[in-house]
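Worksheet: one structure, shown below.
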Amino acid sequence: MYFKQFLHDDLGCSSYFVASRASREAVVVDPAYDIRPYLELAEERGYQIRLVIDTHLHADHLSGNRKLAAATGAELCLHESADVVFPFRQLRDGEEIHLGTLLLRIAHTPGHRPESISIELINPPRSPEPSMVLSGDTLFVGDVGRPDFGGAEGARQQHQSVQRLLGLHDYVEVFPAHFEGFCGKGMCGRPSTTIGFERRFNPVLQLSETDFLQMASEVPARPLNMTAILDTNRGAADYAWVRASHEHDAEVQRIGVQEMPSWMVAHDPMIVDVREPSEYAAARIPGAVSIPQADLATRLDEIPRDRELLIVCASGMRSLRAAQFLHAVGYERVTNLDGGTNGWLASQPSVPASA
């Protein structure tokens with residue numbers, strides 16, 4: 001077996017190149033949008049990429065699956081339940097794929113997404129049992145994948161899928177599709193782990209099913225431009241330009257909460273609140289318009305280019321990335337509110353209770 005992990009630090013994602021040294025056949029799992037590293041590795045090592053597999057439809061970055069399949073003639077593979085509008089080879093639970101002397105066993109592990117799979121890697125000349133598992137966004141190092149992309153049953157399915165992976169031997173190495181980012185809250189940053197280590201030390205796996213389901217309801221905000229990214233990965237739209245705009249950490253103007261009143265008078269901005277709708281409904285700066293960061297790229301027509309913009313979130317971190325994105329796509333009069341809505345609320349004089 002030849003095995004290589006690619007770490008994509010810009011988004012905290014991992015992809016994998018697995019090949020049979022005997023047959024020179026290779027599979028790429030969860031390819032990034034920039035497919036050059038896989039093509040260069042295949043050429044350098046003399047491998048032929050036969051399969052391209054995504055463990056699920058990614059919501060935080062663009063997949064290179066179709067580009068890589070087109071460039072190499074490889075089969076593009078997803079779980080049979082994947083909701084996409086392009087042709088693909090349908091993978092089924094328990095299916096075994098032969099790659100030279102290697103064996104890839106597909107495990108349907110829904111929860112994070114309905115079509116999520118994990119891939120057990122078996123090298124029969126060494127052992128009849130799996131030695132590695134590509135766990136997608138089901139099991140992370142120190143965490144599990146957020147289940148809210150999986151629909152109403154996502155959390156319960158995620159618990160069942162994680163338990164299924166824990167049925168593997170302790171020595172099985174775990175290689176997830178993320179080592180940091182929006183798809184889990186507690187990832188420790190390591191790129192791999194083992195089933196045994198996670199069984200013993202992953203705090204989420206120590207929870208009862210009831211506590212797991214409760215924890216699973218406390219999910220982070222959806223990723224920046226998730227709607228556009230997911231539509232593109234499904235083949236329902238083409239927002240490929242979003243990727244390039246995410247690469248620019250532009251310097252944008254920033255103001256603090258104390259400066260806000262005078263700055264507002266001087267600039268009369270449109271206030272764009274990029275928090276989740278539930279956060280916006282609970283409390284907001286007067287006059288702010290709700291455009292969640294997940295929907296930003298698909299709602300640009302609601303944001304004027306000829307007016308000052310003040311971008312706000314809870315504390316100023318999400319809004320900074322959103323402001324940088326807007327600047328990258330041509331909005332020149334963009335300002336971020338450091339301290340965010342929470343800071344603004346804290347600065348307001350308390351209202352005395354009525355008699």
Judged by atom type as modelled, is there a donor-acceptor pair below 3.5 Å linking the side chain of Ser131 to the main-chain atoms of Val172? no
If the condition is salt bridge (Lys or Arg N to Asp or Glu O under 4.0 Å), which residues does Glu96 pass it with, not counting sequence neighbours? Arg105
Evaluate ring-ring contact (aromatic ring centres under 6.0 Å, His included) for Tyr331 paired with Phe325, printing each intermediate quantity in order. CA-CA 9 Å; Tyr331 288 83; Phe325 164 73; 8.4 Å; no
Determine whether a donor-acceptor pair (N or O, by modelled atom type, separation under 3.5 Å) exists between the side chain of Glu115 and the backbone of Pro110. no
According to side-chain contact (heavy atoms from CB on, under 4.5 Å), who are the partners of Arg299, at least two apart in sequence or on a separate chain? Ile291, Pro292, Asp295, Glu302
Can you give me every donor-acceptor pair (side chain of residues 263-275, partner residue at least two apart or in another chain, under 3.5 Å) with its distance?
residue	atom	partner	partner atom	Å
Trp263	NE1	His267	ND1	3.3
His267	ND1	Trp263	O	3.0
Asp273	OD1	Arg275	N	3.0
Asp273	OD1	Arg275	NE	3.0
Asp273	OD2	Arg275	NE	3.2
Asp273	OD2	Arg275	NH2	2.8
Arg275	NH1	Glu279	O	3.4
Arg275	NH1	Ala283	O	3.2
Arg275	NH2	Ala283	O	2.5

Side chains of Ile303 and Leu296 in contact at under 4.5 Å (non-hydrogen atoms): yes
So Phe3 and Phe17, ring-ring contact (aromatic ring centres under 6.0 Å, His included) or not? Walk me through it. CA-CA 6 Å; Phe3 180 87; Phe17 188 108; 9.8 Å; no
Between Thr109 and Ser118, is there a side-chain donor-acceptor contact under 3.5 Å, judged purely by atom types and distance? yes
Atom CD of Gln48 with >12 non-hydrogen neighbours under 6.0 angstrom: yes
Answer yes or no: is there a donor N or O on one side and an acceptor on the other, between the side chain of Tyr38 and the main chain of Ala32, under 3.5 Å? yes
Rounded to the nearest 0.5 Å, how far apart are CD of Glu120 and CG of Leu165? 7.5 Å
Just how far is it from atom CG of Leu62 to atom CG of Asn65, taken to the nearest 0.5 Å? 10.0 Å
Qualifying residues under side chain to side chain donor-acceptor pair (under 3.5 Å), relative to Asp211, sequence neighbours excluded: Ser208
Nearest 0.5 angstrom please: Ile53 CD1 to Asp30 CG, how far? 9.0 Å
What I'd like to find out is whether the side chain of Arg156 reaches to under 4.5 Å of the side chain of Glu209, using heavy atoms alone. yes
Is the backbone N or O of Gln160 less than 3.5 Å from a side-chain atom of Gln163, with the two atoms forming a donor-acceptor pair by type? no
Gap separating the CG atom of Leu139 from the CD atom of Gln158, nearest 0.5 angstrom: 9.0 Å
Taking the six-membered ring for Trp, are His178 and His61 parallel (under 30°), tilted (30 to 60°) or perpendicular (over 60°)? perpendicular
Once you round to the nearest 0.5 Å, how far does OG of Ser20 lie from CG of Leu102? 5.0 Å
Pair listing, ring pair (Phe, Tyr, Trp, His ring centres under 6.0 Å) test, anchored in residues 197-237, at least two apart: His159-Phe212, Phe197-Phe201
Residues Leu104, His98; criterion side-chain contact (heavy atoms from CB on, under 4.5 Å); working and verdict: CA-CA 6 Å; Leu104 283 64; His98 292 269; over 6 Å; no
Does the side chain of Gln214 reach to within under 4.5 Å of the side chain of Thr210, using non-hydrogen atoms? no
Would you list the pairs meeting salt bridge (Lys or Arg N to Asp or Glu O under 4.0 Å) in which at least one residue belongs to residues 63-78, sequence neighbours left out? Glu75-Arg89
I'd like to know if Met1 and Val27 are part of one continuous hydrophobic network [Ile/Leu/Val/Met/Phe/Trp/Tyr, side-chain heavy atoms within less than 4.5 Å]. yes
Is there a donor-acceptor pair closer than 3.5 Å between any side-chain N or O of His108 and the backbone N or O of Pro114? yes
Glu276 side chain near Arg222 side chain, heavy-atom distance below 4.5 Å: yes
Inspect the surroundings of CD in Glu332 and state if more than 12 heavy atoms from other residues, nucleotides or ligands are less than 6.0 Å away. no
On the ring face of Tyr2, is Lys4 found with NZ or CZ under 6.0 Å from the centre and within 45° of the axis? no
Quick check: do Asp60 and Met226 have side-chain heavy atoms less than 4.5 Å from each other? no
Would you kindly confirm whether Ile119 and Tyr16 end up in one hydrophobic cluster when ILVMFWY residues are joined by side chain heavy atoms under 4.5 Å apart? yes
Would you say Val18 ends up clustered with Leu91 if hydrophobic residues are merged whenever their side chains have heavy atoms under 4.5 Å apart, either directly or through other cluster members? yes
Following the transitive rule for hydrophobic clusters with a side-chain heavy-atom cut-off under 4.5 Å over Ile, Leu, Val, Met, Phe, Trp and Tyr, establish whether Val312 and Leu224 coincide in one cluster. no
Residue pair His8 / Ser15, side-chain donor-acceptor N/O under 3.5 Å: yes
Glu198 pairs by side-chain contact (heavy atoms from CB on, under 4.5 Å) with which of Val141, Val204, Val144, Asp143? Val141
Residue pair Leu57 / Val84, side-chain heavy-atom distance below 4.5 Å: yes
For the backbone of Tyr239 and the side chain of Thr232, can you confirm whether one donor and one acceptor N or O come within less than 3.5 Å of each other? yes
Any sub-3.5 Å donor-acceptor pair from Arg113's side-chain atoms to Asp137's backbone N or O? no
Between Glu25 and Gly100 (side chain of the first, backbone of the second, donor and acceptor by atom type, cut-off under 3.5 Å), is there such a pair? yes
Does a donor on one side chain and an acceptor on the other come within less than 3.5 Å for Asn233 and Ser63? no
Side chain of Arg146, backbone of Ala221: donor and acceptor closer than 3.5 Å? yes
Which heavy-atom pair separates Ile35 from Ala71 by the least distance, and what is that distance? CD1-CB, 4.0 Å
Using the rule given for side-chain contact (heavy atoms from CB on, under 4.5 Å), can you reason through Leu76 versus Phe86, listing the C-alpha separation, both sets of side-chain angles and the distance that settles it, and then say yes or no? CA-CA 10 Å; Leu76 194 166; Phe86 52 82; 3.9 Å; yes
For the residue pair Arg284 and Tyr280, would you count it as a cation-pi contact if the rule is NZ or CZ under 6.0 angstrom from the ring centre and within 45 degrees of the ring axis? yes
Would you call Val334 and Ile311 a side-chain contact if the rule is heavy atoms closer than 4.5 Å? yes
Could you check whether any side-chain N or O of Arg234 sits under 3.5 Å from a backbone N or O of Ala236, counting only pairs where one atom can act as donor and the other as acceptor? no
Looking only at heavy atoms, what is the nearest atom pair of Ala19 and Ala26, with distance? CB-CB, 3.7 Å
Check Pro176 against Pro191 and note the closest heavy-atom contact, atom names and distance. CD-O, 3.5 Å
Between Ile285 and Met260, does the side-chain contact (heavy atoms from CB on, under 4.5 Å) criterion hold? Intermediate values first, please. CA-CA 11 Å; Ile285 297 172; Met260 182 180 166; 3.6 Å; yes
Phe175, Ile195: one ILVMFWY side-chain cluster at the under-4.5 Å cut-off? no
Is there side-chain contact between Val29 and Asp54, with heavy atoms separated by less than 4.5 Å? no
Got a second to check how far Leu39's CG is from Ile49's CD1, nearest 0.5 Å? 5.5 Å
